[in-house]
2 protein chains.
Amino acid sequence: MSNKLKVVVTRDLGPDVMPLLLNNKELDVVVWPHNSVCDRKWLLENAAGASGILVMLSEKLDAELFDAAGPSLRVVSTMSVGYEHADLKELSSRGIRFGYTPDVLTDAVADLSIMLALMAGRNTKETLDIWPNFVWSPYVWCGPQLSATPTSPKRTAGFIGFGRIAQATLARLIPFGFQHCLYTANPATAPDHAADAALAAKYGVRELRRVPLDELARESDVVFVLAPGGAATYHIVDEKFLRGMKKSAVLVNTARGTLVDSDALAKALHEGWLYGAGIDVVEGEPKVGADHPLVKAPRCVVLPHIGSATTDTRIGMATLAANNLLGGLFGKEMPAELNTSR
Amino acid sequence: MSNKLKVVVTRDLGPDVMPLLLNNKELDVVVWPHNSVCDRKWLLENAAGASGILVMLSEKLDAELFDAAGPSLRVVSTMSVGYEHADLKELSSRGIRFGYTPDVLTDAVADLSIMLALMAGRNTKETLDIWPNFVWSPYVWCGPQLSATPTSPKRTAGFIGFGRIAQATLARLIPFGFQHCLYTANPATAPDHAADAALAAKYGVRELRRVPLDELARESDVVFVLAPGGAATYHIVDEKFLRGMKKSAVLVNTARGTLVDSDALAKALHEGWLYGAGIDVVEGEPKVGADHPLVKAPRCVVLPHIGSATTDTRIGMATLAANNLLGGLFGKEMPAELNTSR
């Protein structure tokens, strides 16, 4: 038996990041050797005796896995900002430290949120590579304009969830003429008018307010879904919400597919309750084939969960995940540790 | 013979705008009756005796048309900001006033320019509706990030042409972390350092400079082509320019197709001289079929000239074109008259 610490990594993290682990002489690193989602059976077998496990969003982090690793397991590190795949109670009760990758992907996801808001309003799905198979006319492919216009000078952004990514998205919207910002938050938390006033001043908007969901739907020109997944936010965008939206508004979801009722959104787009949608996440992904109701819906742009997919950001996430693992293994500070006992 | 003034309009401008002309009892309005590009023969026949003609970018404004109209012709109004379809010398020498539609489309085109810059870097062409036909991995679909990142904090925007639309595009880039702005201008004009300093202060960027074309190519993370078309800018983005760009940069053309050598750009994308391109205009449009080199090129997003295609903006353009026509017909001020004698 080696006296090295065994770590299991469920995907090759590339030449910029793997040396952080492979070059550490105190570690015995086992890496899933294929370019595919890590096989569960392989993971359970290889976890035996591991002190640390580094996973992707695709790996379920539950009692079965922790049992398979055994009492040696000190730390689990996920290369994701979301942790709906992790059983936090089990991690907490077993004293296993848990790392994730917030912040580093904020700008990449905010960029994609702006892109999808534009694409949803500008008929991109319908117009991409369509030349010359349409007849030009003064109003063909015309939809709502993201920027304020002389005849429609007020723009309101609505955020379901108002964390880091939402605020980075708001910052990008200011030069488009957005001066009004509404958001919803976890009903369990208390309103904080002073914090709202401070944020309004920071971003230079005239209005920034926490509102009920129906007011957000009614008043927003763009609704960004940017809350965590899980039971508390399941289908928060449902038929009632969508029926309450402006006909000229667009919906953007770059958070988790579970927050939006796909069938209701498809119906809404077919019937024109709202103008368009930009969707980077879908419930049941990656099983989103050509016959999926959102892929078939008009003015619905569907991307394959690439919110954080830029080279710099993914290297940043992988580096942070590796450093979280190392911190947990050696009893040191983890750069981004989640408090699992809350 | 009626003593009304005859005006010919080459496309139906819709219920928000046509009443401006149709309800004017001093006018005899003839409108091309089909939802297609106005037939040249029809236009020449119907122009006879016209006092005013309102056209789209698709209609050639030349001596033949002005001869067909005859000496009654006082004003030509185009629903476009570009006027490369107009023989300005003929208009000037005949004393025919000429109106166009600047400013009203600035924000719509700036919005689309940002959208294309994002799409070109984020592999949108390759990822749209691709689910589930790819294998997820930590770096799949990763490209350059438009926003600044901790490991790559400097962002430079390059503008070929630095008029209203370019400046509106720059304003939108600021929250993405762009602090450096380079531009090229018509070589016949003198540099104006004081004006550059004023613009740098206005937009809050650290650097704003007019530079030679090769420096613009070399230093920019995104190059926006936003100069007028015509002989002076023909293929200004050629093989030499593209070879000089950063491999991680993207090119956006929302101006005119003639500024970019399509074959050179296709070659550049296939060989990786730059990362991607977002193209709303193509030389020879609308004849841009599935076998066009840019449609087939990797990471090249091709849209069908929809820069100004939002409902508010097109109504604004059509209204301005109608008001230009009315001003010219009745010897009054035209809201946007071009000085054709310059």
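In what follows, every heavy atom counts, from backbone to side chain, and hydrogens, waters and symmetry copies are set aside. Computed from a predicted model, the values in this text were never measured in an experiment.
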For A/D280, is it the side chain, the backbone, both or neither that has a heavy atom under 4.5 Å from a heavy atom of chain B?
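For A/D280, backbone heavy atoms alone lie under 4.5 Å from chain B.
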Counting C-beta onward and ignoring hydrogens, is there a side-chain heavy-atom pair between [X] and [Y] closer than 4.5 Å?
X: A/T310; Y: B/C142; value: no
X: A/M56; Y: A/C38; value: no
X: A/L325; Y: A/N323; value: no

Short side-chain to backbone donor-acceptor contact, [X] and [Y], under 3.5 Å:
X: A/R299; Y: A/A120; answer: no
X: B/T127; Y: A/P304; answer: no
X: A/N253; Y: A/V260; answer: no

What part of [X] is in contact with chain A, defined as an atom under 4.5 angstrom from a non-hydrogen atom: side chain, backbone, both or neither?
X: B/R11; result: side chain
X: B/D103; result: neither
X: B/V104; result: neither
X: B/L294; result: neither

Between A/D291 and A/K296, is there a salt bridge with N-O shorter than 4.0 Å?
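No salt bridge links A/K296 with A/D291.
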Pairing of B/D221 and B/K154 as salt bridge, 4.0 angstrom limit
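Result for this pair is no, no salt bridge flagged.
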Flag this pair as yes if the NZ/CZ of A/R155 is under 6.0 angstrom from the six-membered ring centre of A/F176 and inside a 45 degree cone about the axis; otherwise no.
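That pair does not qualify as a cation-pi contact.
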Among [options], which has the most heavy-atom pairs under 4.5 Å with chain B?
options: A/F134, A/W131, A/Y139; answer: A/W131
options: A/I315, A/L303, A/T149, A/I114; answer: A/L303
options: A/P286, A/G316, A/G14; answer: A/P286
options: A/A108, A/A171, A/P144; answer: A/A108
options: A/S308, A/A309, A/A110; answer: A/A309
options: A/N133, A/L173, A/V282, A/N123; answer: A/V282

Heavy-atom pairs under 4.5 Å with chain A: which of [options] has the most?
options: B/K125, B/H292, B/H305; answer: B/H305
options: B/D12, B/D107, B/V37, B/V17; answer: B/D107
options: B/T313, B/I130, B/V301; answer: B/T313
options: B/E285, B/M79, B/K287; answer: B/E285
options: B/M115, B/R314, B/R122, B/M317; answer: B/R122
options: B/S147, B/A148, B/G289; answer: B/S147

What distance do B/H85 atom NE2 and B/S80 atom OG have between them, rounded to the nearest 0.5 Å?
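One gets 4.0 Å once the value is rounded to the nearest 0.5 Å.
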For the atom pair CZ (A/F178) and CG (A/L170), what is the distance rounded to the nearest 0.5 Å?
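Going from the CZ atom of A/F178 to the CG atom of A/L170 covers 9.5 Å.
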